[in-house]
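Every number for a ligand or one of its atoms is a count from 1 in the order of the listing.
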Amino acid sequence: MYPKTLKHPAMAPSYEKIAQMSALPLWEILGDVVGDEPVPMGTPHIWPYAAMRDVLLDAGQRISAAEAERRVLALKNPALERPGISQTLFAGLQLVLPGEVAPSHRHSAGALRFVLESTGGYSAVEGERCVMRRGDLITTPSWTWHDHENTGTGPLIWLDGLDVPMVNFFGARFGEELGQEQQPILRPDDASVSRWASGMRPHDQHHEQPWSPILSYPYERSRAALFAAAAGATPNPQHGFKMTYSNPMDGGHILPTIAAFLQHLPAGFESAAWRSSEATVFVAVEGEGTAQIGDSQISFGESDIFVAPNWSVIRLQARRDLVLFSFSDRAAQQRLGFWREDTALSD
Ligand code: GTQ
């Protein structure tokens, strides 16, 4: 806790007594409490999809979705102790095999799912089925019932993103099982899309929760919006063409804790450097490229997942036309009032 070289050695004789009282002299450690700028937590890292998929499918032969409750390979940041991909975010790859159901439960942690492989299936959230196709983004807000089913003939695999480390930081981890495999379905499939995602909202329905009433953002729509916005426009130097998945009630983020983005970098595009106080998880939906994150050089292709810790300098390059999905803790940081970015980095 104390620095190796004391800043105020003349005070040293009283430090043992202070420690015995379970107190700390702030004048020795002020920089650890209120520093000049963030220190990145965890390390940049990539999880190549092909290798992760092999291990996941092997697990699929050995443990059922019901036995596992959730058959997930958690992506653990190599430089962090706890099972998170960053200090603030949990990420995992989940597999449901044909005919299987991941049984219904709910928890205080909020989640999103980004579908990587599907021949048919859905995630049921709070009484409605959200159909899962590659590239679809589905949310599971805090304390909503959810179960997942594969109705296709091949593996159903998606990337989970949860705010678990934030919930645990606050000591607010609650959860319960429904006690039956699947929750009752109350509305048509993808009802939240038809009701809330067309620039209109139901006249007689209120939505006061701090998350988007849209539970599914189908890739077909998101991709079309992204490319329509990109057509004839000038790319942002840091981000290329980038869209934020938004809450139609207030234009804010999809979840109170987690923000999500879809961006397009045309082949050959090289971004300027930027950093922000948020940690971001990226997955390539289409194309391939490289990312320089801090001192790490990362090459990625379709479905590979990589993480940029908070305040690490990021540069992206598209080797082929790229579509990148990403999610971050920006939503929480903005709500709490301390999110910052820095685009004025030289070279
Ligand atoms: O699908 O409900 O990756 O509860 C971790 C915890 C997924 C889920 C995860 C979970 C889930």
Next on the checklist: Could you walk me through whether M166 and D329 satisfy the side chain to side chain contact (heavy atoms under 4.5 Å, CB included) test, starting with their C-alpha distance in whole Å, then the side-chain angles of each, then the deciding distance to 0.1 Å, before giving a yes or no?
Outcome noted: CA-CA 9 Å; M166 294 188 247; D329 56 40; 3.8 Å; yes
Checklist entry - Taking ILVMFWY side chains as joined if any heavy atoms are under 4.5 angstrom apart, and letting links pass through other members, which residues group with F306? => result I46, L265, F269, W274, F282, I293, I298, F300, I314, L316, L322, L324
Next on the checklist: Looking at Q205, I'd like to know if its CD atom is crowded, meaning that more than 12 non-hydrogen atoms belonging to other residues, nucleotides or ligands lie closer than 6.0 Å.
Outcome noted: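 Check passes, neighbour count above 12.
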Next on the checklist: For residues 69-97, which residue pairs pass the ring pair (Phe, Tyr, Trp, His ring centres under 6.0 Å) check, not counting sequence neighbours?
Outcome noted: none
Checklist entry - If we ignore angles and hydrogens, is there a donor and acceptor under 3.5 Å between the side chains of H146 and H107? => result yes
Checklist outcome for this item: Distance filter under 4.0 Å, heavy atoms only, around ligand 1 gives R70, V72, F90, Q94, H105, H107, R113, H146, H148, D160, L162
What side-chain donor-acceptor pairs closer than 3.5 Å can you find for residues 30-41, not counting sequence neighbours?
residue, atom, partner, partner atom, Å
E37, OE2, W311, NE1, 2.9

